[in-house]
Amino acid sequence: MELPKEYDHNTLEEKWMNTWQDSMYYFDWDSQKPQFIIDTPPPYPTGNFHIGNALNWCYIDFVARYKRMRGYNVMFPEGWDCHGLPTEVKVEEKHGITKSQVSREEFRRLCVELTETNITRMRKSLRRLGFSIDWSNEYITMEPAYFGKTQRSFVQMHNSGMIYQQNHPVNWCPRCETAIAFAEVEYDSRSTALNYLNFDKLKIATTRPELLAACVAVAVNPDDERYNSYVNTELKVPVFGHNVKVISDKNVDPTFGTGVVMICTFGDKQDVRWWVEHSLPLRKAIDKTGKMTELAGKYKGMSTTECKKAIIADMKESGILYKQEELPQNVGLCWRCKTVIEILSERQWFVKIKQDDILNTANEVTWVPDYMKVRLENWTGTMEWDWCISRQRIFATPIPAWYCTSCGKTKVAKEEWLPLDPTQTQPLEACECGSSEFRGEADVLDTWMDSSISALHVSGWLSDHPLLLPAQLRPQGYDIIRTWSFYTILRSKALLDKRPWDTILLNGMVLGEDGHKMSKSRDNFVIPEEVITKHGADAFRQWAAIGGTTGSDIIFLWKDVVAGSRFLQKMWSIVRFSLPHISEKPASFTPIDLWLISKLNRLVKETTEKMDAYQFDETFKAIRGFAWDILADNYIELAKSRLYGEDGKGKQAAQYTLFVAIETISKLLAPFLPYFSEEIYSHIKQESIHLQPWPQVNESLIDADAESTGELIKEMTSAIRRYKAENGMPLNAPLNEIEIYSTITDASDIAGASNSTIKLKSGVPDFEMVAKQIKPNMKVLGKTYRNRAKSIAEALVNADLNLACAGSITLQVEGEEITLDSSCFTVEKERLLKGKAVDILEVGNSTIVIVR
RNA sequence: GGGCUCGUGGUCUAGUCGGUUAUGACGUCGCCUUGACAUGGCGGAGAUCCGGAGUUCGAAUCUCCGCGGGCCCA
């Protein structure tokens with residue numbers, strides 16, 4: 001059956017997608033094969049699988065398919081990280097409600113409903129991209145089967161003292177009305193006014209006059225002689241009139257403002273540090289919604305912005321504020337809604353951060369690329385306080401705890417009671433005080449509490465299966481090192497005292513064609529579906545493979561995708577040509593067959609090494625280069641005359657060589673191009689290529705001599721081609737007569753490829769060999785003669801050519817006599833003909849004589 | 001302000017534990033419709049490897065300084 005001339009990606013990709021069985025990719029919990037568990041990132045179900053995700057999944061699929069072919073028991077699970085604010089916001093938008101207008105249960109139900117719709121859409125994208133996902137190991141974090149584990153992890157860590165409750169300053173988003181972790185704070189440069197105030201006997205400068213009501217101390221630098229005498233005295237706070245102490249602290253910058261700073265609870269993180277260090281009192285002037293409290297007197301009920309405006313106007317009028325200047329400032333923002341965060345002291349749940357544990361565990365993991373580890377190390381060192389895990393939201397894993405209504409004591413659930421929602425159920429035992437009246441904890445868990453046990457979940461933790469931790473691979477983007485990597489390492493260590501994975505593979509960010517991060521506002525946004533429709537999943541996957549080095553940012557370029565689909569068409573043409581000619585029956589190879597086979601084995605060796613090192617770009621480029629350049633442009637051209645010619649040994653050898661090459665290449669391509677490779681393999685064998693083993697290297701067939709002989713034949717052929725091109729002949733034009741003086745023993749392929757008769761001659765043609773110039777070998781000279789190498793090289797170039805041809809040169813360099821043997825230089829020679837009507841082509845040590 | 005990272009023909013990119021014709025793709029120019037492929041083949045042009053200094057016999061590669069981009073943070 002002849003293949004159609006064009007490769008039709010639309011039809012064929014659809015065909016295979018609908019043919020493949022999910023069970024091909026199931027992980028076998030009872031297998032004897034070595035395990036390869038991948039801790040796939042669970043995407044947030046927005047409904048759209050964006051191109052950055054797609055890049056990451058391509059990497060994962062390359063690895064999964066490769067490892068399966070290498071004989072591993074591979075798990076490529078698919079998770080969905082459902083909980084979180086964006087879905088709550090979407091639900092409010094979609095139904096035109098706010099979360100307080102419906103019951104908690106009803107609001108949760110609407111969130112679940114939206115999430116399920118989105119997951120269904122995203123599953124389709126994953127299938128269409130040809131990912132070999134193990135759907136028997138799908139997990140959905142909002143389902144009881146998963147969030148029950150999140151809750152059990154909470155209980156276990158609470159019982160081991162890793163989780164505790166405390167009144168502590170936390171980052172607070174007044175719009176979302178919830179505490180957030182450091183990882184959720186973004187920073188932005190703004191400009192603000194620095195206000196100079198008459199503050200009792202002193203003058204201070206502050207950017208936050210609205211916090212005057214929350215002022216708990218005034219600080220000066222201990223070395224600042226202007227203010228030494230005021231330390232430990234009391235000052236009356238302007239406007240509000242309460243007294244605060246003057247303290248000294250070396251972290252006060254005497255050159256900033258007036259050198260006097262007011263400490264409020266809390267203006268910024270520095271206030272928190274001073275507050276802790278000097279055991280200062282707490283004055284809450286801002287409430288959870290960002291409004292001023294009673295403490296702010298007449299400003300009560302105003303937002304911080306309104307209050308700032310009002311108090312500045314008042315103080316200007318009363319002469320308290322005597323100067324203002326512009327000041328650039330960085331403010332913390334809520335990463336979800338970009339609202340300026342406040343620092344409030346609230347009772348929250350925290351996870352202890354043991355920096356040494358995290359750093360030591362990170363060191364047990366192989367980081368690819370290795371420099372990414374530094375990011376985790378730097379982040380680990382900068383945490384100001386423990387991980388705040390409680391959130392004042394609804395759509396998240398409930399914190400399994402209650403408060404006794406009579407004694408106020410906290411009761412945390414027992415593991416066997418889980419999963420549960422404490423706002424819906426009561427604990428199964430009474431409080432120590434005897435009361436059985438409880439109020440359920442309404443706070444919920446940070447979503448990272450869900451996703452940070454993904455590695456444990458997929459490895460069989462708290463299941464009927466054996467625990468297979470550590471997993472082998474964590475693939476993720478470098479943007480979430482400080483969150484997902486950090487928290488996963490923390491949790492795995494805390495819960496099981498083990499590293500979560502053997503290796504972490506970081507991918508870069510996808511940039512738009514203009515080199516900037518893709519965003520709708522820049523109009524450089526591309527969705528995977530658009531690419532698939534135009535060029536197919538395999539072309540998209542090629543862009544992912546060759547667009548850039550693993551770990552670095554990668555620009556999405558349409559031309560790369562187009563180049564991908566061109567390669568598919570080229571490969572298709574190769575197969576289309578080859579199919580009628582291939583044969584599985586071995587025969588004795590000719591020199592050019594041996595060359596091809598040697599190169600092919602070298603390719604298998606190289607690609608195996610590079611895949612093991614996660615170098616997808618280099619792997620794919622090597623395969624493509626072999627198929628296009630070596631196989632198509634050279635081998636097939638050279639073997640064509642045998643393939644079309646008379647039956648016989650030579651023909652058989654070419655047929656067999658071609659078979660081996662096509663079969664091997666399809667297998668090497670299988671991890672990258674699942675659809676295309678399956679289609680071409682289906683014309684050779686009846687089984688799926690995705691169940692075949694990865695090609696084995698046959699070292700004995702990698703033969704440098706065979707390669708140089710083949711290379712010589714190839715070079716001679718292209719020299720003849722070039723000759724024809726230069727003389728304006730078509731490439732298939734026969735030449736009068738060709739004589740070849742060379743070490744090769746078989747010129748029939750050259751004859752076929754050049755469509756000419758060839759006389760193979762031994763020895764040297766009847767030409768004069770004239771030495772032309774001496775070329776120094778710097779590699780040898782440099783090592784041997786070090787700093788004299790340069791002057792020796794200069795002398796060498798001008799040395800006697802006759803001596804050079806004899807193999808040894810003696811030179812006078814800097815007054816010293818130096819003898820160089822032939823390893824130090826090469827003599828370039830020119831052959832001059834003696835009056836025959838011919839053209840001469842030189843290839844290495846061989847000479848081609850073309851009789852005109 | 002700090003950490004990490006990148007800066008290679010017009011464009012994108014490989015090479016980066018030092019070795020003298022710097023890889024490939026796209027684009028471009030010329031030739032070729034040859035029995036797999038014109039979505040092709042053959043050939044050419046095009047790069048002071050961001051700038052400067054240093055180390056070295058020798059630097060795209062190592063060191064330092066500077067300039068510019070990206071990411072993460074303060």
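We name chains A, B, ... by the order of the sequence lines, and we start the count at 1 in each one.
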Any base atoms under 4.0 Å from A/Tyr478, or only sugar-phosphate, or nothing? Heavy atoms, all strands.
sugar-phosphate
Closer than 3.5 angstrom, by distance alone: can the side chain of A/Arg541 be matched with the main-chain N or O of A/Leu673 as a donor-acceptor pair?
no
Specify the residue among A/Leu631 and A/Tyr371 whose closest nucleotide of RNA chain B lies further upstream toward the 5′ end.
A/Tyr371
Can you pull every protein N or O that's under 3.5 Å from an N or O on nucleotides 18-23 of chain B?
none

Need one value for A/Lys621: base, sugar-phosphate or nothing, where a base atom within 4.0 Å counts as base even if backbone is also close, heavy atoms only.
sugar-phosphate
Tell me, do A/Leu12 and A/Tyr7 make a side-chain contact under 4.5 Å, heavy atoms counted?
yes
Report yes if a side-chain nitrogen or oxygen of A/Arg624 is closer than 4.0 Å to either non-bridging phosphate oxygen (OP1 or OP2) of B/G24; otherwise report no.
no
With a 6.0 Å cut-off on ring centres, are A/Phe556 and A/Trp558 close enough?
yes
Tell me which nucleotide, if any, is Watson-Crick or G-U wobble paired with B/C71 when both distances must be under 3.5 Å.
B/G3
Give A/Asp633 one of three labels, base, sugar-phosphate or nothing, depending on what nucleic acid heavy atoms sit under 4.0 Å from its own.
sugar-phosphate
Pairwise P distance, B/G41 and B/C26 [rounded to whole Å]
9 Å
What is the separation between atom CD on A/Glu606 and atom P on B/A14, rounded to the nearest whole Å?
16 Å
Run A/Tyr681 and A/Glu663 through side-chain contact (heavy atoms from CB on, under 4.5 Å) and show every step you take.
CA-CA 7 Å; A/Tyr681 196 73; A/Glu663 196 202 23; 3.8 Å; yes
Would you indicate what A/Ile574 reaches in the nucleic acid, counting non-hydrogen atoms under 4.0 angstrom: base, sugar-phosphate, or nothing?
base
Rounded to the nearest angstrom, tell me the gap between atom CD1 in A/Ile630 and atom C1' in B/G41.
17 Å
Judged by nearest nucleotide, the residue sitting upstream toward the 5' end of RNA chain B, A/Met509 or A/Trp628, is A/Trp628
Test of understanding: with salt bridge (Lys or Arg N to Asp or Glu O under 4.0 Å), list the residues that count as partners of A/Arg624, not counting sequence neighbours.
none
Atom-to-atom span, CD of A/Glu637 to P of B/C32 - whole angstrom:
18 Å
Using a heavy-atom cut-off of under 4.0 Å over every strand shown, decide if A/Arg375 touches base, sugar-phosphate, or nothing.
base
Just to be sure I understand the rule, does A/Lys5 reach a base, reach only the sugar-phosphate, or reach nothing, if contact means heavy atoms closer than 4.0 Å?
sugar-phosphate
Who is the Watson-Crick or G-U wobble partner of B/U48, with both distances under 3.5 Å?
none
